[in-house]
Amino acid sequence: DIFRFSQEKFGPHVEIVVNCAGILNEQDWHLCVQVNIVGSILITKCAIEHMSKAEGGRGGCVVHFSSVVGMSASEYSPIYSATKHAILGLTRSYGTERQFEQHGVLFNCVCPGAVDTDMVSKNAVQRTLFPEEAVSNSNDLMLWVYFFFSPDRVATVVMDLIANDEMNGQAMMISLSRGVEQVKFPQIPHC
Ligand SMILES: NC(=O)C1=CN([C@@H]2O[C@H](COP(=O)(O)OP(=O)(O)OC[C@H]3O[C@@H](n4cnc5c(N)ncnc54)[C@H](O)[C@@H]3O)[C@@H](O)[C@H]2O)C=CC1
Ligand SMILES: CCCCC/C=C\C=C\C(=O)C/C=C\C/C=C\CCCC(=O)O
């Protein structure tokens, strides 16, 4: 497992976890749910097990990967979008004060727009998000087809989150229209 590998290579105390693994697969949606949601829950559980101050760990931080479609509807990839909403919920709930008091681990996530990676090249070709007719019928969509963030830009935001020990339960959106922005959520009393 990845935690054991890290301990053997870098030493016993894991303090930073970046959970970037994810897939976009609307056809094999069970797999999409398994990798994106179940995978993120497993990483969260393992992180707490290894990092929790209550368990002899040093605390630390976890950065999950949601998406802009983890905060907004996606017409073309609803299952993927739902899994990214789940990752946002997981981040916010483990990033509450009560959880932090118990474990001493900070949880935040990034919500990027389209990033220039294999995921985009595969899905842009397959038109999972943008079927051929949608692309040819919309000037607005063409903007997305030709604009991608670099992975380095996203990595910089992840590094900033790791360096920040004040932020917990927060989402950093990286979007074409608004740049890098901390998402403001409505304040709803806890039930
Ligand atoms: N590329 C994009 O436009 C955007 C990507 N994201 C998210 O960023 C993250 C990274 O995606 P990309 O680099 O773009 O995709 P990618 O397809 O280029 O890379 C995904 C990585 O996840 C790994 N992975 C997949 N299933 C796994 C599993 N079961 N166990 C361990 N590793 C596994 C793959 O080996 C690969 O290295 C994902 O969570 C994705 O949902 C979020 C917003 C936009
Ligand atoms: C032409 C861009 C295709 C990108 C598809 C691949 C991966 C996307 C991963 C995401 O997490 C989504 C990121 C950005 C999507 C941009 C706009 C989505 C709006 C359209 C929609 O889904 O309804």
(request) Report yes if some heavy atom in the side chain of Q102 is under 4.5 Å from a heavy atom in the side chain of I48; otherwise report no. (result) no
(request) Would you mind reporting whether Y94 and K45 have side-chain heavy atoms less than 4.5 Å apart? (result) yes
(message) Using modelled atom types and a 3.5 Å cut-off, is there a donor and acceptor pairing between side-chain atoms of N25 and backbone atoms of L31?
(response) no
(message) Assigning hydrophobic clusters by single linkage (Ile, Leu, Val, Met, Phe, Trp, Tyr; side-chain heavy-atom cutoff under 4.5 Å), is L42 placed with I37?
(response) no
(request) Look only at the side chain of N108 and the backbone of A171, and say whether a donor-acceptor pair between them is shorter than 3.5 Å. (result) no
(request) Would you kindly confirm whether V154 and I16 end up in one hydrophobic cluster when ILVMFWY residues are joined by side chain heavy atoms under 4.5 Å apart? (result) yes
(request) Can you see which heavy atom on C109 is nearest to which on L88, and at what distance? (result) SG-CD1, 3.6 Å
(request) Apply the test side chain to side chain contact (heavy atoms under 4.5 Å, CB included) to residues M167 and L106: give CA-CA distance (whole Å), side-chain angles for both, the deciding distance (0.1 Å), then the verdict. (result) CA-CA 7 Å; M167 275 177 72; L106 300 167; over 6 Å; no
(request) For residues M71 and C111, report the shortest heavy-atom separation together with the two atoms involved. (result) CE-CB, 3.7 Å
(request) Give the intermediate values and the outcome of side chain to side chain contact (heavy atoms under 4.5 Å, CB included) for residues V115 and V120. (result) CA-CA 7 Å; V115 185; V120 157; 5.6 Å; no
(request) Report whether V105 and I43 are members of the same hydrophobic cluster (ILVMFWY, side-chain heavy atoms less than 4.5 Å apart, transitive linking). (result) yes
(message) I need the S81 OG to E26 CD distance, nearest 0.5 Å.
(response) 8.5 Å
(request) Identify the heavy atoms of V180 and M172 that sit nearest to each other, and give their distance. (result) CG1-CE, 3.7 Å
(request) Measure from the side-chain N and O atoms of D116 to the backbone N and O of F149, and report whether any donor-acceptor pair falls under 3.5 Å. (result) no
(request) Decide whether H30 and Q34 meet the rule of one side-chain donor and one side-chain acceptor closer than 3.5 Å. (result) no
(request) Write down the atom of C32, the atom of Y80, and the distance for their closest heavy-atom approach. (result) SG-CA, 4.1 Å
(message) Is there a side-chain contact between V18 and I162 in this structure, where contact means two heavy atoms from C-beta onward sitting under 4.5 Å apart?
(response) yes
(request) Look only at the side chain of Q99 and the backbone of S93, and say whether a donor-acceptor pair between them is shorter than 3.5 Å. (result) no
(message) Treating T91 as the side-chain partner and I87 as the backbone partner, does any N or O pair qualify as donor plus acceptor under 3.5 Å?
(response) yes
(request) Kindly write out the residues that satisfy salt bridge (Lys or Arg N to Asp or Glu O under 4.0 Å) with D1, not counting sequence neighbours, or none if the list is empty. (result) R4
(request) Run the numbers on V17 and M51 for side chain to side chain contact (heavy atoms under 4.5 Å, CB included), then give the verdict. (result) CA-CA 10 Å; V17 174; M51 296 157 73; 3.8 Å; yes
(request) Count the heavy atoms belonging to other residues, nucleotides or ligands that lie under 6.0 Å from CD1 of I41, then report whether that count exceeds 12. (result) yes
Using atom types as modelled, flag every donor-acceptor pair under 3.5 Å from a side chain in residues 55-68 to any protein atom, sequence neighbours excluded.
unit_1 : atom_1 : unit_2 : atom_2 : d
H64    : ND1    : N19    : ND2    : 2.9
H64    : NE2    : T44    : OG1    : 3.0
S66    : OG     : K84    : O      : 2.9
S67    : OG     : V69    : N      : 3.0

(message) Would you compute the distance between atom CG of L90 and atom CG of N36 and round it to the nearest 0.5 angstrom?
(response) 12.0 Å
